[in-house]
Amino acid sequence: MEINTTGVVGAGVMGVGVAQSMAQAGLNVLLIDLNDAILDDAERRLRQNLRLHAMLNRGGAGATADEVMGRIVFSTDYRILERADFVVENTTERWEVKQGVYRELDAVCPARCVLAANTSAIPITRLASATGRAPQVIGMHFMNPVPMKKTVEVILGHHTSDETLAAAKSLLSLMGKDCMVVKDSPGFVSNRVLMLTINEAAALVHEQVAAAEDVDKIFRDCFGHKMGPLETADLIGLDTILLSIEALYEAFNDSKYRPSPLLKRMVYAGLHGRKSGQGFYTYKTAAGDGPRAGEQR
């Protein structure tokens, strides 16, 4: 399958990262979201990311920021996906939202088009059930920040075909990424483990066993992790963490996935991590330029 034009649905942190990586790989990208304000912010963040990339790769080969931006079309109209070969969906972790998105994609995308879910926890087979092309639906769980993470968790739905898997691998290869292929299950491998870890770390802070920075320091210094679980939660977004752990709780009906009261309270208070400027840590700006100081909550 030849892939020239890709669609990216959802212009949040993950969608922007996926779009950037695709455009830097020379692909034409159709970036879709609900309104122009979201897309304007996405364009600003893309330019900012590309400037940073250029600073970190001075003297290296590659397209200029203007060339990369020239490959991206910003739109609120799903109908432009009529020319897409492959679409990656990055919308919020709510089934009722994703169900409508997949019905829309199924209606407008060409018959050849593969639909890939960049989801944290919702089963790929369930998403495929909202379409009439289940063999062409696959999971592609990118890690944040997308341009810097070289490995993608690829998830096979119950009906995902070998041809669809081959297309996904081909796209990732174009983007300079490797993949690990796993079977479908809520949370897959990465988030079934990670969300439990983050939830327990939040519980430790809630119970005042340790401050957030101390929890993270144990994981960095004792286990060699680059980031602790609460730093990782702030990077992902605490709202996304909560939706993911709630999806696991619903899927397995197991009390071990019950969300931490602190995590719920922080999300309700708008403390979503780097993107809001405050989570388990506070940051210099709402864009999350870096931690200013750790806070115990």
Side chain proximity check, Phe252 to Arg192, heavy atoms < 4.5 angstrom = yes
message = With a sphere of 6.0 Å drawn around CZ of Arg112, does it hold more than 12 non-hydrogen atoms of other residues, nucleotides or ligands?
response = yes
inquiry  = So, taking the atom named NE2 in His272 and the one named CE in Met266, what distance separates them when rounded to the nearest 0.5 Å?
reply    = 9.5 Å
inquiry  = Side chains of Thr119 and Glu93: any donor to acceptor distance under 3.5 Å?
reply    = yes
message = Quick check: is Leu171 connected to Val68 through a chain of hydrophobic side chains (ILVMFWY, heavy atoms under 4.5 Å apart)?
response = yes
task = Taking all non-hydrogen atoms of both residues into account, name the closest pair between Arg133 and Ala111 and its distance.
result = NH1-O, 4.2 Å
query = Side chains of Ser75 and Leu30: does their closest heavy-atom pair fall under 4.5 Å?
reply = no
ask   = With Met69, which of Thr64, Leu46, Val29 fulfils side chain to side chain contact (heavy atoms under 4.5 Å, CB included)?
value = Leu46
key: Expected output: side-chain Asn118 to main-chain Val88 donor-acceptor under 3.5 Å   = no
ask   = Can you name the closest pair of heavy atoms from Asn199 and Ser260 and give their distance?
value = OD1-N, 2.8 Å
message = Between Leu172 and Met140, is the side chain to side chain contact (heavy atoms under 4.5 Å, CB included) condition met? List the steps.
response = CA-CA 9 Å; Leu172 291 173; Met140 291 173 68; 3.5 Å; yes
key: Side chain Asn144, main chain Ile236, donor-acceptor under 3.5 Å   = no
ask   = Is there side-chain contact between Val9 and Leu81, with at least one heavy-atom pair below 4.5 Å?
value = yes
message = If you define the side chain from C-beta out and look only at heavy atoms, does anything of Tyr78 sit under 4.5 Å from Val101?
response = yes
query = Do the side-chain N and O atoms of Thr125 and Asp184 include a donor-acceptor pair separated by under 3.5 angstrom?
reply = yes
ask   = Donor-acceptor pair, Asp85 side chain versus Thr5 backbone, under 3.5 Å?
value = yes
ask   = Going by the angle between their ring planes, with limits at 30° and 60°, are His225 and Phe219 parallel, tilted or perpendicular?
value = tilted
key: Spacing of Asn4 atom CG and Leu174 atom CG [to the nearest 0.5 Å]   = 9.0 Å
ask   = Is the number of heavy atoms from other residues, nucleotides or ligands within 6.0 Å of CE (Met148) greater than 12?
value = no
message = To the nearest 0.5 Å, what is the distance between CG on Leu248 and NZ on Lys256?
response = 9.5 Å
ask   = Salt bridge between Asp214 and Lys217, side-chain N to carboxylate O under 4.0 Å?
value = no
query = What's the verdict on side chain to side chain contact (heavy atoms under 4.5 Å, CB included) for Glu213 and Tyr281, showing C-alpha distance, side-chain angles and the deciding distance?
reply = CA-CA 8 Å; Glu213 55 266 34; Tyr281 299 85; 3.8 Å; yes
Check: Met143 main-chain N/O paired with Glu153 side-chain donor or acceptor under 3.5 Å = no
ask   = Under 4.5 Å between side-chain heavy atoms, hopping through other hydrophobics if needed: is there a path connecting Val87 to Val152?
value = no
Val13 and Arg274, any side-chain heavy atoms less than 4.5 Å apart = no
inquiry  = Any carboxylate oxygen within less than 4.0 angstrom of a Lys/Arg side-chain nitrogen, looking at Arg45 and Asp41?
reply    = yes
ask   = Between Arg71 and Glu67, is there a side-chain N and carboxylate O pair less than 4.0 Å apart?
value = no
ask   = Out of curiosity, does Met22 fall in the hydrophobic cluster containing Ile138 (side-chain heavy atoms, cut-off under 4.5 Å, transitive links)?
value = yes
inquiry  = Using only atom types and a distance under 3.5 Å, with no angle test, would you say the side chain of Lys264 pairs donor to acceptor with the backbone of Leu242?
reply    = no
ask   = Looking at side-chain heavy atoms only, is the closest gap between Asp239 and Thr92 below 4.5 Å?
value = no
task = Assess whether side chain to side chain contact (heavy atoms under 4.5 Å, CB included) is satisfied between Leu50 and Gln24, documenting all intermediate values.
result = CA-CA 9 Å; Leu50 291 168; Gln24 286 179 313; 3.5 Å; yes
ask   = Between Thr6 and Asn28, is there a donor-acceptor pair closer than 3.5 Å when you use the side chain of the first and the backbone of the second?
value = yes
message = Within this structure, what is the CD1-CD distance for the pair Ile38 and Glu43, rounded to the nearest 0.5 Å?
response = 14.5 Å
inquiry  = Is there a continuous path of hydrophobic side-chain contacts, each under 4.5 Å between heavy atoms, that joins Met1 to Val181?
reply    = yes
request  = Taking the side chain as every heavy atom from C-beta outward, state whether Ile32 and Ile80 have any pair of such atoms under 4.5 Å apart.
outcome  = yes
key: Backbone N/O of Ala128 and side chain of Thr131: donor-acceptor pair under 3.5 Å   = yes
message = Check whether Asp106 reaches the backbone of Ala130 with its side chain - one donor and one acceptor, N or O, closer than 3.5 Å.
response = no
query = When clusters are formed by joining ILVMFWY residues with side-chain heavy atoms under 4.5 Å apart, either directly or through shared neighbours, do Phe142 and Ile72 land in the same one?
reply = yes
query = Are any side-chain N or O atoms of Thr151 and backbone N or O atoms of Cys179, one a donor and one an acceptor, separated by less than 3.5 Å?
reply = no
request  = Spell out, as yes or no, whether a donor-acceptor pair under 3.5 Å connects the side chain of Asp33 to the backbone of Ala11.
outcome  = yes
inquiry  = Take a 6.0 Å sphere around CZ of Arg79 and say whether it holds more than 12 heavy atoms from other residues, nucleotides or ligands.
reply    = no
request  = Rounded to the nearest 0.5 Å, what's the gap from CZ on Phe280 to CG on Leu238? Could you check?
outcome  = 5.5 Å
Side chain to side chain contact (heavy atoms under 4.5 Å, CB included) between Val8 and Asn90, worked out = CA-CA 7 Å; Val8 177; Asn90 310 267; 3.3 Å; yes
query = Is any side-chain heavy atom of Glu89 less than 4.5 Å from a side-chain heavy atom of Leu115?
reply = no
query = Hey, what do you get for CD (Gln208) to NE2 (His206), rounding to the nearest 0.5 Å?
reply = 9.0 Å
